[in-house]
Amino acid sequence: MNLEWMAWTPVTAGFFLTIAVILIGMTIWEIVSPCVARRGFLPLTTTRGDRLFIGLLGSAYIHLSWIGLTTLPVWIATAISVCFLVIVMRWG
């Protein structure tokens, strides 16, 4: 794959591909089964898309904090972020 024009690494390309797959999956899910806004542990009423956005934004902050505050491997932050996203999507 020629990703040099944007100086992407395979990991970066994989990250954006994963986000694209999640967005496509959420779109199909919404078409098949329209969601109803609900209230979970988050202090506002949210839809699936809202919770996805909050989960992805929170995951970005988890990664930035991890990189800035520790010298531990980033895959640990990824595991924490996946858990965070699942919790927000399910109970948020």
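When a residue number appears, it is its place in the shown sequence, counting from 1.
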Residue pair W91 / F41: nearest heavy atoms and the distance that separates them: O-CD2, 2.9 Å

Which ILVMFWY residues are connected to L64, directly or by a chain of links, through side-chain heavy atoms under 4.5 Å apart? none

Within residues 26-49 or reaching into it, pairs that qualify as salt bridge (charged side-chain N to carboxylate O under 4.0 Å, His left out) - sequence neighbours excluded: E30-R48

Between W66 and F84, is there a shared hydrophobic cluster once you connect ILVMFWY residues whose side-chain heavy atoms come closer than 4.5 Å? yes

For the residue pair T45 and A37, what are the closest heavy atoms and their distance? CG2-CB, 3.6 Å

Mind listing the side-chain donor-acceptor pairs of residues 72-83 below 3.5 Å, one per line with the distance, residues two or more places apart or on another chain?
| from | atom 1 | to | atom 2 | distance (Å) |
| --- | --- | --- | --- | --- |
| T78 | OG1 | H63 | NE2 | 3.0 |
| T78 | OG1 | V74 | O | 3.3 |
| S81 | OG | H63 | ND1 | 3.2 |
| S81 | OG | A77 | O | 2.9 |

I62, I54: one ILVMFWY side-chain cluster at the under-4.5 Å cut-off? yes

Treat each ILVMFWY residue as a node, draw an edge where side-chain heavy atoms are under 4.5 Å apart, and state whether Y61 and V86 are in one component. no

By side chain to side chain contact (heavy atoms under 4.5 Å, CB included), which residues pair with L44, not counting sequence neighbours? L42, T46

Please tabulate, for the side chains in residues 15-28, all donor-acceptor contacts under 3.5 angstrom to protein atoms that are two or more places apart in sequence or on a different chain.
| from | atom 1 | to | atom 2 | distance (Å) |
| --- | --- | --- | --- | --- |
| T18 | OG1 | G14 | O | 2.8 |
| T27 | OG1 | L23 | O | 2.8 |

Is there a path of hydrophobic side-chain contacts, each under 4.5 Å between heavy atoms of I, L, V, M, F, W or Y residues, that connects L85 with L57? no

